[in-house]
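Labels below follow one simple rule: chain letters A, B, ... track the order of the sequence lines, proteins then strands, and each chain is numbered from 1. Just so you know, these numbers come straight off a predicted model, no measurement behind them.
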Protein chains: 2
Amino acid sequence: MTESRRKFRREGEAQRQGDLIAAALDLIAEGGPQAATVRAIADRAGVTPGLIRHYFHRKEDLIAAAYSAFAEQMTADHRTMLEGAGPDPLARLSRYVDRALRPPLTDPRQVALWAGFLHLVQSDPEMRAVHRTAYSAFREELRLLIEAAFAAEGRTADAARLRVEATACNALIDGLWLEGLVLSEEFTEAELARLGVAKIGALLDLPLERYLEE
Amino acid sequence: MTESRRKFRREGEAQRQGDLIAAALDLIAEGGPQAATVRAIADRAGVTPGLIRHYFHRKEDLIAAAYSAFAEQMTADHRTMLEGAGPDPLARLSRYVDRALRPPLTDPRQVALWAGFLHLVQSDPEMRAVHRTAYSAFREELRLLIEAAFAAEGRTADAARLRVEATACNALIDGLWLEGLVLSEEFTEAELARLGVAKIGALLDLPLERYLEE
DNA sequence: CGGATAATTCTGCAAGCGTATAATTGTCGG
DNA sequence: CCGACAATTATACGCTTGCAGAATTATCCG
């Protein structure tokens, strides 16, 4: 008799927002921003479209929140990269490069998300700010690692030199990260990471390979 | 009296297809695939939407043609990079890297297009084939340049070694290309190119800097 | 100069989009 | 166990989208 209305469970705000953000990120990673429609996001999150507007004023707000979550996840991944690493500067640098070229960071999904957000980041000033903050954190961390490694070898470098070295290293890591997407069938993840450590060593003239674990 | 109908000029098939493709690329570069609607493309090309269907069966076909044009333009740009270069292998390699890190290849538009097409390329097998062809051409050219440069220095390298070196060099170039987008305010184009040549030299242990022009 | 032809415009449609709001219903405190 | 209230669903609206086909008109050829 009663037209059956869909059953549901009430969830907290944090939970539902998280689900919706996760759903949006999934869809953007799979099919780009165009795939992340209100209906598709709601469907993936297991709710009805109207709920999105209950938690986010406009769809654009949800997408912005999703980008923030993406950036935060990446910085969090970076932060754990040096966990449990010893004090030896060269070992730390080696480990950093190694970790940067393994999952989860080399997951094709990450590249897909990065590409999917590119235009949004460029057009929206607020998202652009989030991007710049996250990005310069990576560069700064790498710069410090390089500076410490140089110091451990008794080498000194002024700020300009360090900036150049960090830029080149960052570029090589990013490039290999990109390459990983294209060459995923040709290189195993261990190979990619090993290659990265070796080549960063060559770039900086540091014996990093010696510090490769296992 | 007569309801004024829009005036138009008849153009050849090649001309109109080219206009439509150019319009689509413009829009994708500016706002991603979502910005390239049938109406927006027609508007930018100075025609009415119906005409698109006269030249392309579906919108998807136009987008695929646009991607092919993009890939072709990039390979054409690469081909001209070594034009007028002398026979000296190290000079050729140096020039190649230098040119790869200057406009037109470092135009932010190129990165935006690359990102915009990423999802389409991954989902459509035909576009994926176009991508692989273009991409492996770049890698092969770089591999040959490296092999020749090694030979000129009296060094030999087996195929596996060359593949690794080419991958690393390609990654560094791609990474700097990407970096150029983010750091365009921080680095002049000449700086980026010079940095690239120096660091490729460090990667391969070749004195490339000596061959920098002017 | 006139008629044929195909390039182009015009109009319309069904589906999907984001948004708005009213109607329900799960949940929790008393 | 019940009433209140917010979480959730349902429905609807206006706009845009890609696509289709009919109506025009520029151009070319005899």
Degree of bending in the helix from dC1(C)-dG30(D) to dG30(C)-dC1(D) once both end axes are built from five pairs, to 10°: 10°

Closest heavy-atom pair, I146(A) versus C169(A), reported as atoms and distance to 0.1 Å, is CD1-SG, 3.9 Å

Donor-acceptor pair, side chain of D124(B) and main chain of M127(B), under 3.5 angstrom: yes

Between D43(B) and R39(B), does any NZ, NE, NH1 or NH2 come within less than 4.0 Å of an OD or OE carboxylate oxygen? no

Between Y135(B) and N170(B), is any pair of side-chain heavy atoms under 4.5 Å apart? yes

Taking the basic N atoms (NZ, or NE/NH1/NH2) and the acidic carboxylate oxygens, is any pair closer than 4.0 Å for R139(B) and E186(A)? yes

If the cut-off is 4.0 Å, is R53(A) near the phosphate of dA20(C), judged by side-chain N/O to OP1 or OP2? yes

Whole-Å gap separating P (dT25(D)) and CD (E11(B)): 18 Å

Salt bridge present between E140(A) and R143(A) (N-O < 4.0 angstrom): yes

Under a 4.0 Å threshold between the charged nitrogen and the carboxylate oxygen, would R58(A) count as salt-bridged to D61(A)? yes

Give the residues of residues 23-37 of chain B touching DNA chain D, defined as any heavy atom closer than 4.0 Å, sorted by residue number. T37(B)

Between C1' on dG26(C) and CD on Q15(A), what's the gap in Å once rounded to a whole number? 16 Å

Provide, to the nearest angstrom, the distance between the CG atom belonging to L51(B) and the C1' atom belonging to dT25(D). 14 Å

In residues 39-46 of chain B, which ones come under 4.0 Å of DNA chain D, going by heavy atoms? R39(B)

Close side-chain approach of R194(B) and L212(B), heavy atoms under 4.5 Å: yes

Spacing between E60(B) atom CD and dG18(D) atom C1', to the nearest angstrom: 12 Å

For A66(B), give me all partners under side-chain contact (heavy atoms from CB on, under 4.5 Å), at least two apart in sequence or on another chain. I21(B), A24(B), L25(B), F117(B)

Counting the atoms with a prime plus P, OP1 and OP2 as sugar-phosphate, which does E13(B) contact under 4.0 Å by heavy atoms, base, sugar-phosphate, or nothing? nothing

Could you check how far CG of L20(B) sits from P of dA7(C), rounded to whole Å? 13 Å

Less than 4.0 angstrom from a charged side-chain N to a carboxylate O is my criterion; do E165(A) and R163(A) meet it? no

Listing, residues 76-85 of chain A side-chain donor-acceptor contacts under 3.5 Å, not counting sequence neighbours, or none:
from, atom 1, to, atom 2, distance (Å)
D77(A), OD1, Q73(A), NE2, 2.9
H78(A), ND1, M74(A), O, 3.0
T80(A), OG1, D77(A), O, 2.9

Let me know the distance between CZ of R16(B) and P of dA6(C), rounded to the nearest Å. 17 Å

Does Y55(B) place a side-chain N or O at less than 4.0 Å from the phosphate oxygens OP1/OP2 of dA7(C)? no

Any donor-acceptor pair under 3.5 Å between the side chain of R5(B) and the base of dA23(D)? yes

Do NZ/NE/NH1/NH2 and the carboxylate oxygens of E141(B) and R92(B) come within less than 4.0 Å? no

Measure all distances between protein nitrogen or oxygen atoms and nitrogen or oxygen atoms of nucleotides 26-30 of chain D, and list the pairs falling under 3.5 Å.
from, atom 1, to, atom 2, distance (Å)
dA26(D), N3, R10(B), NE, 3.3
dA26(D), N3, R10(B), NH1, 2.9
dA26(D), N3, R10(B), NH2, 3.4

Which of the following nucleotides, dG18(D), dA7(C), dT8(D), is nearest to the side chain of H54(B)? dA7(C)

State plainly whether the residues R109(B) and D26(B) are in salt-bridge range, i.e. N to O under 4.0 Å. yes

Rounded to the Å, how far apart are I52(A) CD1 and dT21(C) C1'? 16 Å

Could you check whether any side-chain heavy atom of L172(B) comes within less than 4.5 Å of a side-chain heavy atom of L176(B), counting everything from C-beta outward? yes

